[in-house]
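All remarks here apply to the structure that follows.
Side chains are part of it too, since the values below use all heavy atoms of this structure and drop only hydrogens, waters and symmetry mates. Throughout, a chain's letter reflects where its sequence line sits, starting with A, and its residues are numbered from 1.
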Amino acid sequence: MVRRNEAKMNNRHQTKKRLSGLLWTLLLLTIFLAGLLIWTVLNIPRPLPSLSRETAEYLAMSGVNNPVTAVLLNFRGYDTMLEVMVFLLGAMTVWSITHAPFPARVANPSPVQATAVRLLTPLVCLIGGYLIWQGAYQTGGAFQGGAVLSAGVVLLLISDFIWVPRMHSLPLRLGMAVGPLLFVILAIWGVITEGSLLKLSPENAWAYLLFLEAGCGISIGLTLAAFFAGGRPLGDLREEPYKADQDDGEEG
Amino acid sequence: MTNLLYSFTGLILFIFGFFALIVCAQPLRKILGCNVMATGIFLFLVATSYRADAAAIDPVPQAMVLTGIVVSVSVTAVALVLATSIRQASDPFIARRKKKAKGDARKKQ
């Protein structure tokens with residue numbers, strides 16, 4: 001009976017769907033909503049109000065040369081701080097649900113795959129670091145560089161190396177926390193030196209922002225890879241690193 | 001004119017994602033519908049930062065889109081892990097196989 005249920009679940013995509021009356025009503029309502037939104041977009045009063053003049057005016061005080069990076073990290077730095085916290089909160093939620101589902105028997109990677117990963121990982125670190133650094137001058141910055149770094153870590157995760165599930169989890173946890181921690185330290189430093197949260201003095205802002213971007217880039221890379229792994233690392237901080245015959249103790 | 005084209009594309013993507021979110025029964029398709037909605041909104045926001053003179057683009061919507069992309073990645077990851085754990089908890093086949101594996105491991109000790 002289990003096999004028949006499984007067969008029915010596997011064939012569900014092959015059954016034909018008939019559009020019922022409810023679905024037609026929903027379709028018509030959605031088309032009406034689309035028409036309403038299109039009419040709204042057509043009637044937006046142009047020219048749109050813009051902040052480009054003010055951004056260009058204060059760009060020299062922000063410590064970077066790119067207007068998008070200046071808005072993201074300096075002028076609207078509070079939003080970015082909350083966004084980095086939301087990122088960490090998402091990782092905590094994913095970790096609280098399940099262990100990372102590594103396969104029970106880890107196979108050795110083929111020589112081609114191992115060589116490719118060994119060649120690509122330093123390149124990924126280099127390109128990610130360059131993207132983080134060049135955010136001050138062109139498009140780039142912590143998020144773009146962090147995404148490239150996370151691609152490198154995901155490459156390590158999917159390449160079936162034996163030592164990856166057995167790594168100690170403390171460097172991973174410290175790396176994930178360094179971005180939000182640097183933001184909070186910078187915010188408090190702004191209160192201490194200038195009197196207001198996240199206020200950076202114009203002559204030192206470039207140094208603060210470079211430091212902040214480096215930390216956030218590392219933490220974004222590790223957190224994105226933790227999202228990909230899909231659960232908390234197998235070695236807990238209280239116990240020893242994961243051994244092959246250790247049992248979860250829970251389902252899922 | 002190209003500005004309107006990008007805005008409408010973002011809007012159409014939003015409508016597609018909205019429809020898929022309501023109509024599809026499987027959780028993975030709902031999560032993908034949310035993602036498509038978010039992508040449509042990001043395209044619309046970036047299209048509003050266009051100005052006729054190329055020297056003076058508006059950087060604020062682009063920064064908001066960066067923040068939005070990061071938040072949507074977090075939400076997608078949490079939703080996917082939740083959907084996986086719901087499926088594993090409610091599927092009798094997977095639960096039976098997991099119980100057998102746990103029983104084998106305990107018998108081996």
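- Counting only heavy atoms from C-beta outward, the side chains of B/Ile15 and B/Phe19 never approach each other to under 4.5 Å.
- With a threshold of 4.5 angstrom between heavy atoms, A/Ala34 approaches chain B through its backbone and through its side chain.
- Scanning for ring pair (Phe, Tyr, Trp, His ring centres under 6.0 Å) contacts around A/Tyr137 gives A/Trp133, with sequence neighbours left out.
- For a residue to count as touching a neighbouring chain, one of its non-hydrogen atoms must lie under 4.5 Å from one of that chain's; by this rule A/Leu224 touches chain B with the side chain only.
- Ranking A/Ile38, A/Val86, A/Thr55, A/Thr93 against chain B, the residue ahead of the rest is A/Ile38, based on heavy-atom pairs under 4.5 Å.
- Taking 4.5 Å as the limit, some side-chain heavy atom of A/Phe143 sits within range of a side-chain heavy atom of A/Thr80.
- Looking at A/Leu222 and A/Ile218, their side chains come closer than 4.5 Å, going by heavy atoms from C-beta outward.
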